[in-house]
Amino acid sequence: MQERSFRAFVAIEIPDSIRNMISALIGRLRERDVTNCVRWVRPEGIHVTLKFLGDTPAVKERVIESALESTAAIRQGFDLSLGPLGTFRSRRGARDQVVWVGLSSETAQLLELAADVDRALVAMGFPMETRPFTPHLTLGRTNRGVRSVPSFTEDAAWPPGDGAFHVNHLSLMESNLRPDGARYTRRAIFPFSRSPRIERPL
Ligand code: ATP
Ligand code: MG
C-alpha cells in the first residue's frame, strides 16, 4: 500500500566529527547517570530541529519541498559551534527535563533561518511556532516520574575547543517512533545558495 502520511520535521544535520564529540560526551554523562533517570538519544539521530510538522500527508510532500527549496536558496552558509550543556523542561510536562548542548557562533543566522522556515510553512497551513527558538541539540530526556535528576551540566571536557562546524543546507526529516526511541531518516536536502548574494552596482 502506498504511504499516506509521515511524521515530518525540518532540521539541520551535523557533521560526523561533531557527532563523535557528542557521542563521547553522552558516554560520560551516561556513566554519571547511575539511577538511569535519562533516556539518552542515539548519537546517529542528533540534529537541530528547525520546525516540527508532525503527521503530514505524503501528497503534500512535493509542495513542502518546493517551499523549503526556495527558503534555502536565498540563504548563505554560516558557522555554529558547540556551546555549554544545559537543561530545560520538555513539552511533555513540567517535570520532564531535556538535557541539551547549546549552540553558539552565528546563531543570529540560525534564528533567521528558523523564522524563514516557520514563515514558509505557516503559509502552507502549518501552525505557527509560538515559543522562542532556542538553538540546541537534545542529548536526552528524563524518564517520566523521575523526581531528582543529577546535574548533567558540568563536564570537564565541555565545550570542546574544536566544536565549530559549517551549515550549508537544511533537511526534511522523517521520524519513526519506536518503543526504544525515535529513528530518523532524511527525505530531502535543500542546499543554501553557494555564491554570495549579488549586489546591484550603484
Ligand atoms: P520521542 O518523541 O520518542 O522522544 P523525538 O522527540 O526525538 O522522540 P519526534 O517526537 O518525532 O521524536 O520529534 C522529532 C523532532 O522534532 C525532535 O527533534 C523533537 O525534539 C522535535 N519536536 C517534537 N515535537 C515538537 C513540537 N511540538 N514542537 C517543536 N519541536 C518538536
Ligand atoms: Mg517527541
Side-chain angles (χ1 to χ4, degrees), residues 3-16 18-19 22-23 25-26 29-30 33 36-58 60-61 64-65 67-68 71-72 80 82-83 85-103 107 110-146 149 152 165 167 169-190:
E3 173 198 44
R4 295 238 167 120
S5 70
F6 65 104
R7 186 173 170 93
F9 63 101
V10 181
I12 288 174
E13 298 180 90
I14 56 169
D16 284 342
I18 295 293
R19 198 179 297 287
I22 300 173
S23 179
L25 171 67
I26 291 176
L29 298 178
R30 197 193 287 277
D33 184 15
N36 255 319
C37 65
V38 176
R39 285 170 298 120
W40 301 99
V41 302
R42 244 185 293 277
E44 56 267 35
I46 294 172
H47 59 267
V48 186
T49 308
L50 290 176
K51 173 101 183 150
F52 181 72
L53 306 181
D55 195 42
T56 301
K60 276 193 172 180
E61 184 170 4
I64 291 169
E65 287 180 357
L68 292 174
T71 303
L80 292 177
L82 297 172
L85 279 156
T87 55
F88 53 38
R89 286 180 180 164
S90 81
R91 294 182 185 81
R92 283 226 193 87
R95 283 215 229 103
D96 292 350
Q97 283 184 37
V98 175
V99 181
W100 47 264
V101 162
L103 294 167
T107 50
L110 178 61
L111 261 66
E112 269 179 33
L113 175 65
D116 281 1
V117 166
D118 196 42
R119 217 172 292 122
L121 291 164
V122 166
M124 300 187 49
F126 288 94
M128 193 190 317
E129 191 54 69
T130 51
R131 298 163 178 241
F133 179 74
T134 40
H136 72 278
L137 299 161
T138 297
L139 303 189
R141 301 173 179 89
T142 54
N143 291 311
R144 274 166 217 214
V146 168
V149 182
F152 292 113
F165 59 100
V167 179
H169 68 276
L170 43 92
S171 305
L172 177 64
M173 307 293 292
E174 170 177 0
S175 169
N176 287 291
L177 298 181
R178 301 208 196 162
D180 60 341
R183 304 283 168 126
Y184 310 123
T185 43
R186 187 195 302 126
R187 307 262 315 194
I189 276 186
F190 310 96

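In each ligand, atom 1 is the first atom listed, and ligand 1 is the first ligand listed.
The residue among Pro179, Ala182, Gly45 with a heavy atom at the shortest distance from atom 8 (O) of ligand 1 is Ala182. Closest heavy-atom approach to atom 12 (O) of ligand 1 within the set Tyr184, Phe52, Trp100: this belongs to Tyr184.
Of all atoms in ligand 1, listed by their number and element, those nearer than 4.0 Å to a heavy atom of Thr49 are 15 (C), 16 (O), 17 (C), 18 (O), 21 (C). Numbered from 1 in the order shown, with element, the atoms of ligand 1 that lie under 4.0 Å from a heavy atom of Ser175 read 9 (P), 11 (O), 12 (O). The ligand atoms of ligand 1 that sit less than 4.0 angstrom from a heavy atom of Arg7 are 9 (P), 10 (O), 11 (O).
Contact annotation for Met173 and ligand 1: no heavy atom of the residue comes within less than 4.0 Å of the ligand.
Residue-ligand proximity: His47 is placed with a non-hydrogen atom under 4.0 Å from ligand 1. Distances from ligand 1 to the non-hydrogen atoms of Thr138 include no value under 4.0 Å.
Between Phe9 and Tyr184, the ring-plane angle classifies as perpendicular under the 30° and 60° cut-offs. Using a 30° and 60° split on the angle between ring planes, Trp100 and Phe88 fall in the tilted class, from 30° to 60°.
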- [ ] Could you walk me through whether Arg42 and Asp180 pass side chain to side chain contact (heavy atoms under 4.5 Å, CB included), step by step?
- [x] CA-CA 10 Å; Arg42 244 185 293 277; Asp180 60 341; 4.2 Å; yes
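A donor and an acceptor atom, one from each side chain of Thr71 and Asp116, are nowhere located under 3.5 Å apart.
The residues Arg30 and Asp33 are annotated as not salt-bridged, no charged nitrogen and carboxylate oxygen being separated by less than 4.0 angstrom.
When atom types are taken as modelled, the side chain of Ser175 and the backbone of Arg7 share no donor-acceptor pair closer than 3.5 angstrom.
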